[in-house]
Amino acid sequence: MSISALALPFALALLPILWLVVGLIALRLPAWKAAAGSFVIACGLALTWWRLPAFEVLTASLEGFLMALWPIVLVIIAAVFTYNLCVRTGAMDTISAMITSLSSDRRVLALLVAWCFGGFMEGMSGFGTAVAIPAGMLAALGFGPLRAVLLCVVANGVPTCFGSVGVPTVSLAGLTGLDPVQLAFTEMLQLAPFFIIVPFIIVLIAGEPEDAGKCLGIAERLRGVGLITLVAGVAYALPALGVAAVMGPELVVVVGSLCSLLAVAALARRKRSEDSAFAMEIAPSKGVSMGEALRAWSCFILIFVLLLGTSKLVAPVNGWLAQFASSVQIYSGANPSTVTFTWVNTPGVWIFIAAFAGGLIQGASVRTMGEVLLATIKQMSPTAITMLSVLGCAKVMGYAGMIGAISSFCIAVTGALFPLMAPVIGAVGAFVTGSGTSSGLLFGSVQLQAAEALSLDPSWIVALNSLGVGAGKMISPQTLAIGMAAVQVTGAEGKLLARVMPIALAFMVLMALVGFVGAALM
């Protein structure tokens, strides 16, 4: 078909996504309202233009809703519950004190808090906590509010596709039918260079003089911390790459960030003299005993142990737990997907078990944990509605043929150059929705169909969507708003966007080149 013949179906198929853009950015609607509107538009188009029978629209929607509830919403609530419980018990205060006691050099502190601890929070919880919490910590240490948030949004971009115990990648693999381990490894392979680059950007931002009239060059801002900065990236990227290759997406960022934290902490302790030009005045905190440290980290330690102990690395346990699953076909039309629900060996279940056990270790009563859980469910209800709407929309668009219309037009326009465009599509999705998960659910099928039509490696092309998320997440209005709210500053999102936009655009260009070169070599 000619490009002109493909243009109208393409334009109509884009309407649910365009509404999301307009609703979130122009109308400033809450994400759940904008996503619900997209779902309604998709259903309307499926019934009218694409002539999908009403019962098939209903079952396609139901498939999306159920896939969103289990395991996506489950793990979202479990992860945020764990964080909220640690705040309630005071464990987060202990963790913060341990991290900030390692150095007074603001560049090293930025690495420890924004990059290492922020990455850990992204891996465990995600959904804004990895920006809000580190930004608040940096502001409390004496960083300017704008700089504190800038450091955290830059640090938070590239780990996003492995956030919340791998939910974005698990969801993308489920939607496209790709092997999650292969997809996670491919994503990490593409992202590895950016995991090395980001710590240097963080140090350069942290090393900027507080006095706007002064100017320090790149070499001056890196003085004395070049090795620590390089190690912060390498110690993150290599273990993360290994975990992705062997275990899949769930613990990629958790392991990587912890390895980076330990490596940076060790080098910071060996760095005997602090550069006075970058020193910060930090109030001394009381020492933390081993027992206090273990109690504070207990939830996260248990999560790590349970996820590791039930992974494919422990084949007998993993194989035995695999029997507790159900595979069903929900969609009533042609070529339905087979949806598998894993009832026990799914991250959300293990995170909840670890959180309750850790809460008891930290001294929380059952009543307290119940109160925190109810508050968390209420807190995350809008996010749950967003996930239901987005995945329902994606399934209706896929079964009706809207995804095919979008991919056909993109392929016709770009042809063999599509790999240059693939990360940009992912970045747009993350910019609009503020979520790596939502970007994957909206555009994952587009990337897959493009790969199949162009005879390209599906894992490589679909993974490019997640690669682009790393740039789009930095400039997402939701991410910027969360960060500024954490430091209690209003009306400065424009200034923050102006600072982070050049970094995000440079990343998009580099990501497009990675996508194109990699596709050519595959």
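Residue indices begin at 1 and follow the sequence shown.
Pro458 is not listed as a side-chain neighbour of Thr176, based on a closest heavy-atom distance of 4.5 Å or more. A heavy-atom distance below 4.5 Å is not found between the side chains of Phe120 and Leu261. Between Trp350 and Phe304 the shortest side-chain heavy-atom distance does not fall below 4.5 Å. Looking at heavy atoms from C-beta onward, Cys161 lies in side-chain contact with Leu191 at the 4.5 angstrom threshold. With contacts defined as side-chain heavy-atom distances shorter than 4.5 Å, the pair Phe352/Thr82 does not qualify. Residues Leu66 and Trp70 are not in side-chain contact: their nearest non-hydrogen atoms beyond the backbone lie 4.5 Å or more apart. Looking at heavy atoms from C-beta onward, Leu150 lies in side-chain contact with Val500 at the 4.5 angstrom threshold. You'll find the side chain of Phe65 stays beyond 4.5 Å of the side chain of Ser389, heavy atoms only.
Ser365 places a side-chain N or O within 3.5 Å of a backbone atom of Thr368 that can act as its donor or acceptor partner. Looking only at distances, no side-chain donor or acceptor of Trp297 sits under 3.5 Å from a matching main-chain atom of Ile95. Side-chain N or O atoms of Thr160 include one that pairs as donor or acceptor with a backbone N or O of Gly157 at under 3.5 Å. No donor-acceptor distance shorter than 3.5 angstrom exists from the side chain of Thr94 to the backbone of Ala296, with no hydrogens or angles considered. In this structure a side-chain-to-backbone donor-acceptor pair under 3.5 Å is missing from Trp320 to Ala315. Within the 3.5 Å criterion, the main-chain N or O of Arg295 finds a donor-acceptor partner in the side chain of Gln362. A donor-acceptor pair under 3.5 Å is formed between the side chain of Glu292 and the backbone N or O of Ser289. No donor-acceptor pair under 3.5 Å is formed between the side chain of Ser260 and the backbone N or O of Tyr236. No side-chain donor-acceptor contact under 3.5 Å links Gln447 to the backbone of Trp460. Side-chain atoms of Thr376 do not come within 3.5 Å of backbone N or O of Val80 as any donor-acceptor pair.
Considering SG of Cys152 and CH2 of Trp115, their distance stands at 12.0 Å, rounded to 0.5 Å. Expressed to the nearest 0.5 Å, how far CZ of Phe162 lies from CD of Glu187 amounts to 4.5 Å. Distance check, rounded to the nearest 0.5 Å: CG of Asn84 to CD of Gln379 gives 5.0 Å. Here Ile351 contributes atom CD1 and Ile303 contributes atom CD1; the two are 5.0 Å apart, rounded to the nearest 0.5 Å. Between Phe443 atom CZ and Leu464 atom CG the span is 14.5 Å, to the nearest 0.5 Å.
The salt bridge (charged side-chain N to carboxylate O under 4.0 Å, His left out) search around Glu63 returns Lys395, not counting sequence neighbours.
Looking at Gln182 and Thr186, their side chains do bring a donor and an acceptor atom within 3.5 Å of each other.
Arg107 and Glu208 are not joined by a salt bridge, as no carboxylate oxygen comes within less than 4.0 angstrom of a charged side-chain nitrogen.
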Full working for side chain to side chain contact (heavy atoms under 4.5 Å, CB included) between Leu138 and Leu151:
CA-CA 9 Å; Leu138 289 174; Leu151 288 165; 4.0 Å; yes
Side chain to side chain contact (heavy atoms under 4.5 Å, CB included) between Val328 and Thr338: does it pass, once the steps are laid out?
CA-CA 6 Å; Val328 294; Thr338 299; over 6 Å; no
Step by step, work out the side chain to side chain contact (heavy atoms under 4.5 Å, CB included) result for Asn156 and Glu122.
CA-CA 7 Å; Asn156 185 239; Glu122 179 64 28; 2.8 Å; yes
Output, in order, the C-alpha distance, side-chain angles, deciding distance and verdict of ring pair (Phe, Tyr, Trp, His ring centres under 6.0 Å) for Phe81 and Phe356.
CA-CA 10 Å; Phe81 167 66; Phe356 281 113; 5.2 Å; yes
Step-by-step side chain to side chain contact (heavy atoms under 4.5 Å, CB included) determination, Asn318 to Thr310
CA-CA 5 Å; Asn318 183 269; Thr310 56; 5.7 Å; no
CA sep, side-chain torsions, deciding dist, call: Ser327, Thr340, side chain to side chain donor-acceptor pair (under 3.5 Å):
CA-CA 4 Å; Ser327 296; Thr340 300; 2.9 Å; yes
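Aromatic pair Phe341/Trp343: ring centres closer than 6.0 Å.
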Would you give me the side-chain donor-acceptor pairs under 3.5 Å for residues 241-253, sequence neighbours excluded?
none

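Crowding of Ile377 atom CD1: a count of heavy atoms from other residues, nucleotides or ligands under 6.0 Å exceeding 12.
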